[in-house]
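Every chain is numbered from 1, with letters handed out A, B, ... down the list of sequences.
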Amino acid sequence: MPELPEVETTKQGIFPYVMDEKITQVVVRQSQLRWPIPNTVQQLANAVVVAVTRRAKFILLATDQGQVLIHLGMTGALRILPQGVAPGKHDHVDFLLSSGLMLRYTDPRRFGAVLWAPTGEQHAMLQHLGPEPLSEEFSAAYLHAQAQGRSKAIKPFIMDNKIVVGVGNIYAQEALFKAGIHPSRAAGRISLARYQALHQAIVAVLNAALAAGGTTLKDFTKADGQPGYFQQELAVYGRAGEPCVNCAAPLKKALHGQRSTVYCGRCQR
DNA sequence: ATCGGGACCTGCTTGC
DNA sequence: TGCAAGCAGGTCCCGA
């Protein structure tokens, strides 16, 4: 379930293999992902990759013919393999490269997406996105200002892409625990000082995960080179009923928009 | 405008 | 044992 650190790590992992390469052919075995893969991608040939970037959880392959957008959904993965490696059941797309390698997109649940945008145009999905969480633009003051008058619970608030991108279910829970904020508290009823703690917590958990992920990707061409997880130091995620690492009280579980949230009723207010 | 709930999809876990 | 229900999760869409 890639969250922003996993996506960033993946981007860095594929970069040396796809940058400046020519995509000679795109092999699509399953075009029905979250959205259908556009024909422009399927028919792409001899497009040179001129940039590999990330925006929110999208990996952007800019080519001299236009931009390929790749979203990993929650079970998606990108790997670099030699051409000719037999595809598995969930290997939906191969981008064949002039180097003889290929970029293979795998996604068992097909929640991810492969999209297209002409050069110089921003895909509709990238418009109206909030700031990157690790940018200067994202600050406690910004969060506090955005939250004014909002009754929405803070947890779905920070998971809202229009507020800030890249904060998924796992890190939202971890950051709120770290900041001592109850996940159900209305976003508009949190002080600037507490937003400073929350901002720091979000940045800290993302950076820690990024550091952990970055060390797992020595060789991105290995078949089993799945991006590593940030499973260490998860204080609350998936630990409902277990003792709080701070106070030992049993962690509680709540739902926010069908998403489960684990928190400490004593440490988080 | 804002909010909450449903839908998408499949594999793994849980429960009868 | 076998099967069905439950759950996971990012994002869009719709109705209130």
Side-chain angles (χ1 to χ4, degrees), chain A residues 1-11 28-38 54-60 69-78 87-93 105-115 117 122-130 132-133 143 145-176 183-190 202 205-206 209 226-227 229-231 234 236-242 251-263:
Chain A
M1 37 191 115
E3 291 215 26
L4 184 134
E6 287 85 357
V7 177
E8 175 64 23
T9 301
T10 295
K11 186 210 82 182
V28 176
R29 295 178 203 86
Q30 168 60 273
S31 64
Q32 300 302 305
L33 304 180
R34 177 71 167 82
W35 298 282
I37 299 176
R54 178 189 62 74
R55 174 69 173 116
K57 293 175 182 169
F58 282 94
I59 291 172
L60 307 173
L69 292 78
I70 301 174
H71 197 295
L72 301 179
M74 76 161 276
T75 53
L78 287 171
K89 183 181 176 185
H90 304 298
D91 294 335
H92 306 311
V93 185
Y105 176 85
T106 305
D107 188 0
R109 288 182 207 171
R110 313 215 310 265
F111 258 36
V114 176
L115 301 172
Q122 192 175 45
H123 194 282
M125 206 135 296
L126 300 184
Q127 295 168 8
H128 316 298
L129 287 179
E132 290 286 328
L143 273 177
Q146 291 292 315
Q148 289 317 295
R150 301 288 296 270
S151 61
K152 193 180 215 177
I154 185 62
K155 193 222 180 189
F157 180 74
I158 58 173
M159 289 175 68
D160 184 344
N161 272 342
K162 292 191 285 301
I163 301 301
V164 59
V165 303
V167 181
N169 197 33
I170 298 174
Y171 299 127
Q173 294 175 54
E174 294 300 315
L176 286 167
S184 299
R185 176 170 289 275
R189 299 191 56 191
I190 294 173
I202 290 171
V205 296
L206 290 178
Q226 297 287 342
Y229 252 125
F230 179 60
Q231 288 178 332
L234 287 179
V236 286
Y237 175 77
R239 296 191 63 239
E242 295 177 38
L251 295 175
K252 296 183 177 179
K253 185 171 178 175
L255 283 181
H256 294 97
Q258 316 296 94
R259 294 284 173 279
S260 67
T261 308
V262 180
Y263 66 101

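- Of the candidate nucleotides C/dC12, B/dC3, C/dG10, B/dC3 has the atom nearest to the side chain of A/S151.
- Within 4.0 Å (heavy atoms only), A/N161 reaches sugar-phosphate atoms of the nucleic acid but no base atom.
- Distances were taken from every side-chain heavy atom of A/P108 (C-beta onward) to each of B/dC3, B/dG11, B/dC9; the shortest belongs to B/dG11.
- Here the side chains of A/D160 and A/K152 are in contact, with some heavy-atom distance below 4.5 Å.
- The side chain of A/K89 places an N or O atom within less than 4.0 Å of a non-bridging phosphate oxygen (OP1 or OP2) of B/dG11.
- One interatomic measurement links the two molecules: CD1 of A/I170 to C1' of C/dG9, which rounds to 9 Å at whole-angstrom precision.
- One donor-acceptor pair, N or O on each side, does fall under 3.5 Å between the base of C/dG10 and the side chain of A/R259.
- Residue A/T75 places no side-chain N or O under 4.0 Å from the OP1 or OP2 atom of C/dG9.
- In this structure, A/R34 and A/A113 approach most closely via the heavy-atom pair CB-CB, 4.3 Å.
- At the phosphate of B/dC9, neither OP1 nor OP2 sits under 4.0 Å from any side-chain N or O atom of A/H90.
- One can place CG of A/L33 at 15 Å from P of C/dC12, the figure rounded to the nearest angstrom.
- Partner of A/L69 under the side-chain contact (heavy atoms from CB on, under 4.5 Å) criterion, out of A/L126, A/I59, A/V114: A/L126 alone.
- At least one side-chain heavy atom of A/N169 sits under 4.5 Å from a side-chain heavy atom of A/M159.
- If you run side-chain contact (heavy atoms from CB on, under 4.5 Å) between A/V7 and each of A/H71, A/R55, A/R54, only A/R54 comes through.
- One interatomic measurement links the two molecules: NZ of A/K57 to P of C/dG9, which rounds to 11 Å at whole-angstrom precision.
- What separates CZ of A/R109 from P of B/dA7 is a distance of 18 Å, to the nearest Å.
- If you measure from atom CG of A/L72 to atom C1' of B/dC9, you get 16 Å, rounded to the nearest angstrom.
- Proximity of A/R34 to the phosphate of B/dC8: no side-chain N or O atom is located under 4.0 Å from OP1 or OP2.
- Closest to the side chain of A/R150, from the set C/dG10, B/dT2, B/dG4, is B/dT2.
- Side-chain atoms of A/Q258 lie closest to B/dG6 of the nucleotides B/dC3, B/dG6, C/dG10.
- Rounded to an integer number of Å, the gap from CE of A/M74 to P of C/dG10 is 7 Å.
- Here A/K253 lies in heavy-atom contact (under 4.0 Å) with sugar-phosphate atoms only.
- Summarising the geometry, the separation between CD on A/E174 and P on C/dG9 is reported as 12 Å, rounded to the nearest angstrom.
- The side chain of A/F111 lies closest to C/dG10 when the candidates are C/dC12, C/dA8, C/dG10.
- Atom NZ of A/K162 and atom C1' of B/dT2 are 9 Å apart (whole Å).
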